[in-house]
Amino acid sequence: MLSKNNRLHKEKEIKSLIHRGQTFFLPEFIIKYQKNQKNSSRFTFVVSTKVDKKAVVRNRLKRQLRELIRGVLPKVHAGFDVLIIAKPNSLSLDFAGLTKQMTFALQKIKLLSDK
RNA sequence: AAAUAAAUUGAGAUGAUCGCCGCGCCUAAAAAGCGGGGAGGACAAAGUCCGAACACCACAGCCGUCUUUGACGGAGAUAGUUGUUAACGACAACCGGCUAUUUUGGUGACUUAAUAGCCAGGACAAGUUGAACAGAAAAUAUGCCUAUCCCGCAUUUUGCGGGGUUAAGGGUGAAAUGGUCAGAUAACAAGCUGACCCGUUAAUCUGGUGACAGAUUAAAAGAGCUAAACUCUAUUUGGUGCAAAACUAAGUAGGUCCGGCAUCAGCCGGACGGGUAAGUUGCUUGAGGCUAUGGGCAAUCAUAGUCCUAGAUAGAUGAUCAUCGUCCGCCUUUGGCGGAUACAGAAUUCGGCUUAUGAUAUUUAUUUGGGU
RNA sequence: UCGGGGAUCGUCUAAUGGUAGGACAACGGGUUCUGGUCCCGUUUAUUGGGGUUCGAAUCCCUAUCCCCGAG
């Protein structure tokens, strides 16, 4: 789990992010991101019932995504709000595959530093 | 012994690294640190089909109207009896009925008994509705065919017309206006008569808390099915839901009005009123779990002992790796390799109902094979 | 935490409790030199499970799935 500084949880902020943020598509997720005025980057995750009807499966996917972000967090540029929407394809990947796809995406949109 | 079904049981362990949420210690407070806790067992956290606790609102108790201690009209729920329960449409026991199989007695209608399963099980004997196809006829039964008798006419057989008897018989159908055996009258015949069987209604008696059961007597209007069709009868009834609700501090967005500044756009100040976001409580010790004893056929109740076992708030309880365990398959069988390890994730709490779940073990039932 | 509606051939859509109908599609045949158009025929369905009824797509219960709404 991410610490509270790195969580995005206000409903208004999420809505404004959905409306104004830039979007990046992958077969596994949709990533929306936007600059904020803070010192740290904040993340939130959406896994809808369309991905899977079982709460167990959805919760597991959410936990894996959070863990993944926690791993790359030191390398992420500060000052961004990020919303990650999972798609049904992501269930077919294991943790290593998810990590690969996510790092690729974050590098593409230049949130990830090379260090 | 195997297979299948049902019920019960049961549903992994340890370590490493990196993390999350409460609680306690420490602290003025926080951070850090330390300690300890953090996902279920079908009674599902699920579905949200019922019920209750708790809270608020409305109210004098379902709703509407009126001439308001009531009347009229309307809506919903429940439906054998007794009990259990905080409550229920749940549960238990009993009563009654239906179906299937076997079985006892009888010429027969029918009946005796056992086992298994099922029942939303008030009323069709207040009224209304509906019943395709087939069939003479489907609810006011009886027109028709057939049968049979009498009269008249024609006549070889027999045919035609009129009248009488409507009881048996009439391919049907889910269902045909009780049934069986015998007898009499007679042209043929029928509850026409007798005995019996089944069923209905009423009264009395006996037993049972009661549903009801048994016995006796009487009456014949022997009355079809359908109320999970309208309807009638009896009993009964508030709404919203923890995002309920209470408290704390702050006084922000958008709006209206007034005043000032400004060419306009707009800006500043004040008032009204408003509801947005935050924290705390509600919140987890409860109609609680486990064990023993006792009451009760049982559901369940009483007493004693013992235990405390999540409480998040866009939502923690995890991720990755390794080793072992259990099961299955294959092989080169002290072992190796591969695969599997179910259903499922708390959101105020609780009682029921419904529904998801792999292996092992146990019990019961059925089937098959083998042995005696 | 609650409330409401729905499910019929591959698709769309009918059906008082009484033979599940129609259109398009698909397939086969005919017409044509060939294809299209046109004509004829065939195939395919009441979401699952129980109940009421002589009889259920329809009535009742229950489950599954889908859609919509409130805070």
Quick one: classify the glycosidic conformation of [N] as syn or anti, with syn meaning within 90° of 0.
N	value
B:U309	syn
B:U240	anti
B:G24	anti
B:G191	syn

If the [atom1] atom of [N] is compared with that of [M], how far apart are they to the nearest Å?
N	M	atom1	result
B:G40	B:U300	P	25 Å
B:G351	B:C91	C1'	11 Å
B:C353	C:A57	C1'	29 Å
B:A46	B:G345	C1'	11 Å
B:A310	B:C324	P	34 Å
B:A244	B:A120	C1'	36 Å
B:A6	B:U355	P	13 Å
B:G170	B:G97	C1'	37 Å

If [N] has a Watson-Crick or G-U wobble mate with both distances under 3.5 Å, name it; if not, just say none.
N	value
B:C34	B:G24
B:U303	B:A292
B:C43	none
B:C337	B:G329
B:C88	none
B:G214	B:C205
B:G183	B:C192
B:U115	B:A100

